Q: 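Submitted below is the structure of interest, expressed as structure tokens.
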Amino acid sequence: MKKLNDIKDLKGGDVSVVTISSDSYDDFLLRLFKDFSKGGKQLVFVSATRSQMDFNNLLKENKIKPQNLCFIDTVTKLSGEVLKNKSRIMYVEHPSDLTEISIDITSCVEKYKNNVLVLDSLTTFFLYNNPTDLFKFIHIISQKAKKIK
């Protein structure tokens, strides 16, 4: 899958936008998680589409160990699910809390070196944020990525 290779092959500071059709979304995520669970780079995954519990079930069903995955979950608190604190999971109150998301991304990146950041999904983030604020957020995250490589 070329799009997965596009993500895996990113060099320090590179920024890329990948579009995934809804038909291949689950397969893409499964392959992404499998690939990053093997080691090398760490995946910092910010979700505005599903709770970390949903992703955790996907990982368990497919026997994928999440040791190289850091989740930033913007869905669980919003939906009222019960939280189980774990070291590689950060819960944000709401997908509109771009400041908290940025702080959590920085925390994951500093704690777990050699990272690739995935924002899932920009379309969903646009539902909860005004475009100007979201574009500023993306710009700041991109600039930080370039600076720290």
Side-chain angles (χ1 to χ4, degrees), residues 1 3-4 6-8 10 14-145 148:
M1 179 179 275
K3 292 177 183 185
L4 181 58
D6 291 344
I7 293 173
K8 291 184 335 188
L10 290 173
D14 286 352
V15 176
S16 178
V17 175
V18 177
T19 57
I20 307 296
S21 72
S22 58
D23 294 343
S24 59
Y25 175 77
D26 286 340
D27 182 54
F28 176 81
L29 286 182
L30 185 59
R31 292 186 63 199
L32 179 72
F33 293 152
K34 276 184 182 177
D35 192 68
F36 278 91
S37 71
K38 295 175 185 171
K41 294 182 179 180
Q42 302 278 329
L43 178 63
V44 178
F45 191 84
V46 182
S47 177
T49 59
R50 295 183 186 171
S51 72
Q52 187 280 329
M53 186 62 85
D54 290 339
F55 290 118
N56 194 42
N57 291 336
L58 179 70
L59 295 174
K60 282 182 182 178
E61 288 170 10
N62 292 281
K63 298 179 177 135
I64 300 171
K65 296 185 180 188
Q67 68 268 13
N68 292 326
L69 309 174
C70 182
F71 287 96
I72 301 172
D73 177 342
T74 69
V75 177
T76 297
K77 284 188 175 182
L78 183 63
S79 70
E81 285 183 48
V82 176
L83 305 179
K84 295 179 182 176
N85 287 333
K86 296 187 178 180
S87 64
R88 290 184 171 264
I89 304 168
M90 298 177 178
Y91 297 101
V92 177
E93 287 291 329
H94 195 273
S96 65
D97 194 347
L98 299 176
T99 301
E100 182 63 29
I101 293 168
S102 180
I103 290 167
D104 288 347
I105 288 170
T106 301
S107 177
C108 277
V109 167
E110 289 175 351
K111 192 172 184 180
Y112 308 109
K113 302 298 180 194
N114 198 16
N115 297 285
V116 171
L117 170 66
V118 173
L119 296 173
D120 177 38
S121 86
L122 291 180
T123 305
T124 306
F125 278 108
F126 272 112
L127 295 174
Y128 293 101
N129 295 279
N130 81 47
T132 302
D133 290 343
L134 189 58
F135 284 129
K136 284 179 187 177
F137 169 77
I138 293 166
H139 176 74
I140 290 167
I141 294 299
S142 299
Q143 292 307 308
K144 282 184 180 182
I148 64 173

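Since the structure is predicted, the reported quantities are computational estimates derived from the model, not experimental observations.
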Q: Can you name the closest pair of heavy atoms from Thr76 and Ser51 and give their distance?
A: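 Result for this residue pair: OG1-CB, 3.2 Å.
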
Q: Does Ser102 offer a backbone N or O that forms a donor-acceptor pair with the side chain of Thr106 under 3.5 Å?
A: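 Confirmed, Thr106 side chain pairs with Ser102 backbone.
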
Q: If you round to the nearest 0.5 Å, how far is SG of Cys108 from CD1 of Ile103?
A: 12.5 Å

Q: Flag the pair Phe45 / Phe36 as yes when their ring centroid distance falls below 6.0 Å, and as no otherwise.
A: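 Phe45 vs Phe36: aromatic centres not under 6.0 Å.
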
Q: I need the Phe28 CZ to Ile20 CD1 distance, nearest 0.5 Å.
A: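 Reported to 0.5 Å precision, the distance equals 4.0 Å.
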
Q: Below 3.5 Å, can you tabulate the donor-acceptor pairs from side chains in residues 133-141 to any protein atom, sequence neighbours excluded?
A:
residue, atom, partner, partner atom, Å
Asp133, OD2, Asn130, ND2, 3.0

Q: Is the shortest side-chain heavy-atom distance between Val46 and Phe125 below 4.5 Å?
A: yes

Q: Nearest 0.5 Å, what's the CG-CG distance between Leu32 and Asp27?
A: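 Answer for the CG-CG pair, Leu32 versus Asp27, is 11.0 Å.
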
Q: Enter the distance from Gln42:CD to Leu117:CG here, rounded to the nearest 0.5 Å.
A: 13.0 Å

Q: Write down the atom of Thr74, the atom of Pro95, and the distance for their closest heavy-atom approach.
A: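 Nearest pair, atom of Thr74 first, then Pro95: O-CD, 3.4 Å.
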
Q: Find the distance between NZ (Lys60) and CE (Met53) and round it off to the nearest 0.5 Å.
A: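 Output value for this atom pair is 7.0 Å.
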
Q: Which heavy atom of Pro131 sits nearest a heavy atom of Phe126, and at what distance?
A: CA-CE2, 3.7 Å

Q: Would a 4.5 Å heavy-atom cut-off, applied to side chains only, mark Ile64 and Leu30 as touching?
A: yes

Q: May I ask you to test the Asp120-Ser47 pair for a side-chain heavy-atom distance under 4.5 Å?
A: yes

Q: Contact between Ile72 and Val92 at the side-chain level, heavy atoms closer than 4.5 Å - yes or no?
A: yes

Q: Which pair of heavy atoms, one from Lys38 and one from Asn68, lies closest together, and at what distance?
A: C-ND2, 4.0 Å

Q: Is there a side-chain contact between Phe55 and Asp73 in this structure, where contact means two heavy atoms from C-beta onward sitting under 4.5 Å apart?
A: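 No, too far: nothing below the 4.5 Å cut-off.
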
Q: Side-chain contact, heavy-atom cut-off 4.5 Å: Asn56 with Ile89?
A: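 Sidechains of Ile89 and Asn56: no contact.
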
Q: If we only count heavy atoms from C-beta on, is the Leu58 to Asp54 side-chain gap below 4.5 Å?
A: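 No, too far: nothing below the 4.5 Å cut-off.
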
Q: Count the heavy atoms belonging to other residues, nucleotides or ligands that lie under 6.0 Å from CD of Gln67, then report whether that count exceeds 12.
A: yes

Q: Side chains of Asp104 and Ile101: does their closest heavy-atom pair fall under 4.5 Å?
A: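 Side-chain contact under 4.5 Å: no.
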
Q: Run the side-chain hydrogen bond (donor to acceptor under 3.5 Å, both in side chains) test on Ser121 and Tyr25 for me, step by step, so that the C-alpha distance in whole Å, both residues' side-chain angles and the decisive distance to 0.1 Å come before the verdict.
A: CA-CA 11 Å; Ser121 86; Tyr25 175 77; over 6 Å; no

Q: Tell me the closest heavy-atom pair linking Pro66 and Leu59, and the distance in Å.
A: CB-CD1, 3.8 Å

